[in-house]
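Given the structure is predicted, the values throughout are model-derived calculations rather than measurements. Just the heavy atoms: all of them, side chains too, but no hydrogens, waters or symmetry mates, feed the values below. Numbering of ligands and ligand atoms starts at 1, following listing order.
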Amino acid sequence: MSHVLILGGDGYLGWPTAMHFSARGYKVTVVDNYFRRHICDKLDVGMLYPIPTLVERARIWHKQTGYEIQVIIGDLIDPELMRSLFTGQNLNYQWPVNAKFAGSPETVVHYAEQPSAPYSLMNYKTANFTLSNNLLVTNNLMFAVKDLSPDTHIIKLGTMGEYGTPNIDIEEGWIDIKHKGREDRFLFPRQAGSIYHTSKIMDTDLMWFGCRTWGLKVTDLMQGPVYGMETSESIIDDRLKTIFNYDELFGTVINRFIVQAIVGHPLTVYGKGEQIRGYINIRDTLQCVHAAEKNPPKSGELNIYNQIMETFTVNQLAALIQEAAHNIGHNVEIEKVKNPRIEKEEHYYNPNYQGLINLGITPHYLTIDSVQKMIETVFKYREYIDTNVIRIGIQW
Ligand code: USQ
């Protein structure tokens, strides 16, 4: 089976992705610098429940399934570490003691980025960190693949937020433009709403440069906000659950609303609540990344997919979660709070997201029933919930 290298393997998506591929017989190596854990500790925006270290999780996974996920702790801003991952030399594995395979990954899944829009706009230092971390890691990856492993397929997590909310339909990555009697195909116009989202635009530009110039093979997955916690692998052992944030910095809106419903905090709808985004269940993220892995682009091609399964306004999300919570005995209020973000609160939004469906994804939709299940799952950890982190006052 082929070797999948996961950069950012300790994160909300990284660890579930590692288990997903490992459970299907792939050789899996994960790398992480624990940025998310450290910054949550430093800023005191704790996660919903304690999470074992990456090494502990890999050990539990091995004990429960017999599969090995190789673990390296390190910072991918260091180009030499990035390059070692492709040569297989000078690597320091935290687990297992004797690594069975090294280097030459057929696929690399790149999640190793600072993922929060609010964090990126806390101040000039967090903006600098976001830009330098995200762009340098992506650039290190691009050069390592070009120099050492040009056949490796790079799957990079992008974001729907790169497109912003334009007043025309959003295509899957590309647009054909006729201008003064001539035609060409370009990346779909991008206009992000945060420094984080802007760093993702720059990532895409770097990768497209690498494809055009050196024939790299890249898939860019333009993902919307993800929700959920459980995957087919996490339910094997409670300690294998992914990290779950509900704070203002790292929590995405649906996960936040679920936690708010449980503790009786009014659902924090920002502004008019008519902001529309495309949403995706964490189980579908895994299906999509796997489908991308099975359908690599040709040399020189940048494949772009819009990775969402349905669209909602924030008001629709709040109403759905309120109704689901009410059905199982939680009284939930909805509060329109002053929008801490600069974003359009009423706008046109019509993205095309057929590409991944055409590759065979079976979507999990957000329904009253699925929200109730999430509430029941999160309810088990209610004593850990810290209501102070629901609103901490970041704005831009
Ligand atoms: N929102 C509220 N109330 C809240 C939190 C958010 O109304 O308590 C609103 C926001 O104003 C926004 C929408 O919900 O209009 C989505 O916000 P979010 O925090 O769930 O998502 P966002 O900041 O855009 O970022 C998240 C992930 C990021 C990913 C992105 C996909 O943190 O890594 O790239 O979703 S997308 O939104 O499509 O750009």
- Message: Judged on heavy-atom distance to atom 20 (O) of ligand 1, which of I280, V253, N315, I276 sits nearest?
- Response: V253

- Among H197, K344, E343, closest by any non-hydrogen atom to atom 25 (O) of ligand 1: H197

- Message: So does F244 get a backbone contact from the side chain of N255, meaning a donor-acceptor N/O pair under 3.5 Å?
- Response: no

- Query: Counting from 1, what ligand 1 atoms have a heavy atom of G161 closer than 4.0 Å?
  - Reply: 36 (S), 38 (O), 39 (O)

- Do Y67 and H62 have ring centres separated by under 6.0 Å? no

- Message: For Y196 and F129, I'd like to know if the aromatic rings sit close, meaning centre-to-centre distance below 6.0 Å.
- Response: no

- Message: Please list, in number order, the atoms of ligand 1 under 4.0 Å from a heavy atom of P115.
- Response: 27 (C), 28 (C), 32 (O), 33 (O)

- Message: Is there a polar contact between ligand 1 and G158, counting only N or O atoms under 3.5 Å apart?
- Response: no

- Within the distance-only criterion (no hydrogens, no angle test), does the side chain of D203 pair as donor or acceptor with the backbone N or O of T138 below 3.5 angstrom? no

- Item | Geometric N/O contact R256 with ligand 1, under 3.5 angstrom | yes

- Message: Looking only at side-chain N and O atoms, does Y163 offer a donor or acceptor that is under 3.5 Å from a partner on N306?
- Response: yes

- Query: Judging by distance only, is a nitrogen or oxygen of T252 under 3.5 angstrom from one on ligand 1?
  - Reply: no

- At a 4.0 Å threshold, what atoms of ligand 1 neighbour a non-hydrogen atom of T159? 29 (C), 30 (C), 31 (C), 34 (O), 36 (S), 38 (O), 39 (O)

- Task: Just go through E345, R341, Q114 and tell me whose heavy atom is the nearest to atom 17 (O) of ligand 1.
- Result: R341

- Item | The single option from F186, W208, F188 passing ring pair (Phe, Tyr, Trp, His ring centres under 6.0 Å) against W174 | W208

- Task: Please state which part of V314 comes within less than 4.0 Å of ligand 1, counting heavy atoms only: side chain, backbone, both or neither.
- Result: side chain

- Task: With heavy atoms of Q223 as the reference, note each atom of ligand 1 found under 4.0 Å away.
- Result: 31 (C), 38 (O)

- Item | Ring-ring centroid check H330 F379, cutoff 6.0 Å | yes

- Item | Heavy-atom side-chain proximity of T53 to Y34 below 4.5 angstrom | yes

- Taking atom 3 (N) of ligand 1 as the reference point, the nearest protein heavy atom with its distance: T268 O, 2.6 Å

- Task: Please check if the distance between the ring centroids of Y49 and Y384 is under 6.0 Å.
- Result: no

- Taking only heavy atoms of R277, which atoms of ligand 1 are found under 4.0 Å from at least one of them? 15 (O), 37 (O)

- Message: Judged on heavy-atom distance to atom 29 (C) of ligand 1, which of Y227, Y270, Y196, Y279 sits nearest?
- Response: Y196

